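Down below is the structure, laid out as structure tokens.
Reckoned from all heavy atoms, side chains included, excluding hydrogens, waters and symmetry mates. Note on naming: letters A, B, ... go to the chains in the order of the sequence lines (proteins, then strands), and numbering restarts at 1 for each one. Please read these numbers as outputs of a predicted model, since none were measured by experiment.
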There are 2 protein chains.
Amino acid sequence: MTDPPAFSESSRSLDENAYQGLAGFRSALRRFLAFSEVAASAAGVTSQQYQAMLAIRVHPDRAIMIKELALQMLLQPNGAVQLVDRLVGAGLAERRQSSTDRRSVLVVMTDKGAALLERLAADHLQELSKHEPLLAESLRRLRSMERSGDAP
Amino acid sequence: MTDPPAFSESSRSLDENAYQGLAGFRSALRRFLAFSEVAASAAGVTSQQYQAMLAIRVHPDRAIMIKELALQMLLQPNGAVQLVDRLVGAGLAERRQSSTDRRSVLVVMTDKGAALLERLAADHLQELSKHEPLLAESLRRLRSMERSGDAP
DNA sequence: CCAATATATGTCATTCGATGACATATATAT
DNA sequence: ATATATATGTCATCGAATGACATATATTGG
């Protein structure tokens with residue numbers, strides 16, 4: 001087998017393969033995220049609300065403080081308040097007073113929310129089986145070209 | 001009025017690991033995407049604009065029709081028009097008339113855009129090396145359960 | 001124990017990008 | 001040559017996030 005000159009210019013500019021790999025990875029991500037939006041939308045929620053329900057579901061006691069939900073969802077606390085408002089408004093979650101700190105609120109899912117989450121989670125699991133090969137392949141390609149950026 | 005079954009019932013009951021896996025994957029995704037927003041923002045653009053430049057960069061001739069950009073970015077054509085407006089406004093891309101079809105517009109990057117993209121791509125490549133293990137691990141965990149529904 | 005400060009949640013105005021509805025220019029087909 | 005399809009563009013509107021601010025409760029230091 002012939003050795004292709006696959007190395008070269010590693011300190012001057014990014015290899016074409018790096019752009020291809022990054023672009024392919026983001027494309028796969030956009031497609032998966034778009035599926036998530038469509039699946040959630042068909043169930044009457046947003047992808048964000050689905051993700052919030054996932055976060056609640058896997059949190060200890062299946063309950064989460066708004067502050068903690070904000071951390072998980074990478075939102076400001078007041079953004080998490082409004083996200084919970086929407087979940088509650090849709091009948092998917094409810095607020096419970098914390099027994100230990102009366103400032104805080106525990107968000108738990110309703111039965112309706114739990115049922116919706118289960119269906120959406122199953123759909124996502126199934127869909128991921130389609131995207132997983134491309135995502136994994138993209139990650140593998142990118143891993144092989146790790147390099148430092150342009151040092152200032 | 002009874003609601004028709006809006007979705008498939010992929011499996012009867014999801015394993016706890018399925019929720020953990022899906023939640024972990026989405027969490028890893030949110031963190032990577034948040035990095036992308038911050039990195040792009042530090043460079044004066046949005047993550048969306050960075051992705052658009054990536055799409056242009058890897059397209060044949062490093063030029064792309066707005067229609068095709070819309071397909072790649074999963075936007076409506078008029079949304080892509082406005083995205084290109086913002087890229088052009090920031091001096092990162094420019095419009096060129098197509099030689100074969102006078103309806104269409106070819107979007108190409110300026111030198112400034114190409115330079116910005118290279119820095120951002122290098123940053124993303126480096127950052128991905130941090131996220132890759134968790135993302136790959138999440139995908140591996142999920143792949144093992146999309147088969148029959150559960151197996152610890 | 002009280003005052004000062006920190007923390008958790010909540011409200012509201014504003015902002016930003018995507019969409020739908022629609023308009024215009026050009027290409028293609030009958 | 002006309003009808004229709006395609007590509008781009010404009011504009012009003014919407015939804016969700018943020019910053020500034022408000023209120024309630026907890027915690028800490030004197």
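- As a whole-Å value, the separation of Asp101(A) CG from dT7(C) C1' is 8 Å.
- Comparing Val81(B) and Arg102(A) along DNA chain D, the residue whose closest nucleotide (by nearest heavy atom) sits nearer the 5' end is Val81(B).
- When only modelled atom types and interatomic distance are considered, Thr46(A) and Arg86(A) share no side-chain donor-acceptor pair under 3.5 Å.
- Nearest-nucleotide positions on DNA chain D for Thr100(A) and Val105(B) put Val105(B) closer to the 5' end.
- Every residue two or more places apart in sequence or in another chain was checked for a ring-ring contact (aromatic ring centres under 6.0 Å, His included) with His59(B), and none qualifies.
- In this structure, CD of Glu68(A) is placed 15 Å from P of dT7(C), rounded to the nearest angstrom.
- As rounded to whole Å, 15 Å separates atom C1' of dG9(D) from atom CG of Leu69(B).
- We find that CD of Gln76(A) is positioned 14 Å from P of dA8(C), with the value rounded to whole Å.
- Shown for residues 24-60 of chain B: no residue has heavy atoms falling under 4.0 angstrom of DNA chain D.
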Output a table of nitrogen or oxygen pairs between the protein and nucleotides 1-5 of chain D separated by less than 3.5 Å.
none

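- Between Phe25(A) and His124(B), the ring center distance fails the sub-6.0 Å criterion.
- Nearest approach of Met65(A) to Ser104(A), heavy atoms of both residues: CE-CB, 3.8 Å.
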Any protein N or O atoms within reach of nucleotides 12-15 of chain C? Criterion: under 3.5 Å, listing atom names and distances.
none

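- Using a 4.5 Å heavy-atom cutoff, the side chains of Leu22(A) and Val58(B) are not in contact.
- Residue Arg86(A) places at least one side-chain N or O closer than 4.0 Å to OP1 or OP2 of dA17(D).
- Legend: ring-ring contact (aromatic ring centres under 6.0 Å, His included) pairs involving residues 60-90 of chain B, not counting sequence neighbours: none detected.
- Each of Val81(A), Leu87(A), Leu83(A) was evaluated against Asp85(A); a single residue qualifies, Val81(A), per the side chain to side chain contact (heavy atoms under 4.5 Å, CB included) test.
- Between Leu75(A) and Gln82(A), every side-chain heavy-atom pair lies at or beyond the 4.5 Å cut-off.
- With hydrogens and angles disregarded, no donor-acceptor distance shorter than 3.5 Å links the side chain of Arg26(A) to the backbone of Ala52(B).
- Atom CG of Leu71(A) and atom P of dT7(C) are 13 Å apart (whole Å).
- The salt bridge (charged side-chain N to carboxylate O under 4.0 Å, His left out) search around Arg57(B) returns Glu16(A), not counting sequence neighbours.
- Summarising the geometry, the separation between CG on Leu75(A) and P on dG10(C) is reported as 14 Å, rounded to the nearest angstrom.
- Between the CE atom of Met73(A) and the C1' atom of dT18(D) there is a distance of 16 Å, rounded to whole Å.
- In this structure, Ile64(B) atom CD1 and dA7(D) atom P are separated by 13 Å, rounded to whole Å.
- In plain terms, the two heavy atoms of Ala80(A) and Ala70(A) that are nearest each other are CB-CB, 3.7 Å.
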